[in-house]
Amino acid sequence: MLSKIPKVLFVMLVVKPLVFVALGLNVINRDKLPQNGPAVLAANHNSHLDTLVLLALFPISQVHRVRPVAAADYFLSNRFVSWLSLNVIGIIPIKRMNSGADKEKLFDECHRALSNNDILLVFPEGSRGEPEVMSGLKKGIYHLVKEHDKCPILPVVMRGLGMSLPKGTAMFVPFNCDVVVGDPIDEFQSSDAFLVDMQTAYDALSKHCVTQLL
């Protein structure tokens, strides 16, 4: 129980005020967020704010079960960032394949989290791209969830966060932002079908964004 307290306090006292006061956030289909796990939220990735925004969408009573999946080489790069990432944000660190990671053990902690009915936050692009530009999707999520029968993947599109805190800068700029949650998808015939279905879902959700980017 005590291990939940730092994350709960961080989200309640820091994340939610930042997201809902400093940002002009427009959330569409918030009611589609999973009430419990196992489940995966698969969002586009343009900013370090992405993870914080997704955490802020969940009620405080549930947030301890929401686990962001993040690159180990970045978030475990120094002692303070590592402690904050593991003990406060509660990330699941993943080694990038080009770092010599063991492919067979790559998702071990993710599997344990899903078996524990947690909700994973995953970015299918793999890393932050250019502001408001979606990169190509990777098949990692498919290989993760195919071992968990009927584990739903919820596509999420976020627009505007790449302008508020883009890659390569530490300057926060308040900006109107959208978050659009899609319908859960719990079955893919193959990894190629996964890429097609997810991209189709992202394209459809993007049409619901109301923020106009200059």
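Because only heavy atoms are used, hydrogens play no part in the values below, and waters and symmetry mates are left out as well, while side chains stay in. All values reported here derive from a predicted model rather than from experimental measurement.
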Tell me, do [X] and [Y] make a side-chain contact under 4.5 Å, heavy atoms counted?
X      : Y      : value
Ile91  : Thr51  : no
Phe188 : Met198 : yes
Leu23  : Leu18  : no
Ser115 : His148 : yes
Leu55  : Lys7   : yes
Leu41  : Val181 : no
Val122 : Ile153 : no
Ile60  : Lys16  : yes

**OP:** Please say which of Asp197, Val156, Leu137 ends up in a side chain to side chain contact (heavy atoms under 4.5 Å, CB included) with Tyr202.
**Re:** Leu137
**OP:** Apply the side chain to side chain contact (heavy atoms under 4.5 Å, CB included) test between Trp83 and each candidate in Asn87, Leu86, Val81; give the one that qualifies.
**Re:** Asn87
Shortest non-hydrogen contact from [X] to [Y]?
X     : Y      : answer
Asp50 : Met158 : CB-CE, 3.5 Å
Ala56 : Arg30  : O-NH2, 3.8 Å
Ser61 : His64  : O-CE1, 3.2 Å
Arg65 : Asp118 : NH1-OD1, 2.8 Å
Pro93 : Glu109 : CD-OE1, 3.9 Å
Ile94 : Leu106 : CD1-O, 3.2 Å

Reported [atom1]-to-[atom2] distance for the pair [X] and [Y], which is rounded to 0.5 angstrom:
X      : Y      : atom1 : atom2 : answer
Asn36  : Ile119 : CG    : CD1   : 7.0 Å
Lys32  : Asp183 : NZ    : CG    : 3.5 Å
Leu49  : Leu54  : CG    : CG    : 10.5 Å
Phe20  : Leu25  : CZ    : CG    : 6.0 Å
Cys209 : Asn26  : SG    : CG    : 8.5 Å
Leu205 : Arg159 : CG    : CZ    : 11.0 Å

Original post:
Would a distance-only check, ignoring hydrogens and angles, find a side-chain to backbone donor-acceptor pair under 3.5 Å from Lys138 to Pro124?
Top reply: no
Original post:
Where the side chain of Gln62 meets the backbone of Pro34, is there a donor-acceptor pair that is under 3.5 Å apart?
Top reply: yes
Original post:
Same hydrophobic cluster for Val15 and Leu13, using side-chain heavy-atom links shorter than 4.5 Å among ILVMFWY?
Top reply: yes
Original post:
If Ile, Leu, Val, Met, Phe, Trp and Tyr residues are connected whenever their side-chain heavy atoms lie under 4.5 Å apart, and connections chain through other members, are Phe194 and Val196 in the same group?
Top reply: no
**OP:** Any chance you could lay out the side chain to side chain contact (heavy atoms under 4.5 Å, CB included) test for Phe58 and Val11, step after step, and finish with the verdict?
**Re:** CA-CA 10 Å; Phe58 288 89; Val11 173; over 6 Å; no
**OP:** Could you walk me through whether Val53 and Cys177 pass side chain to side chain contact (heavy atoms under 4.5 Å, CB included), step by step?
**Re:** CA-CA 10 Å; Val53 166; Cys177 302; over 6 Å; no
Original post:
Is there a side chain to side chain contact (heavy atoms under 4.5 Å, CB included) between Val40 and Leu114 once you walk through the steps?
Top reply: CA-CA 9 Å; Val40 176; Leu114 290 176; 4.2 Å; yes
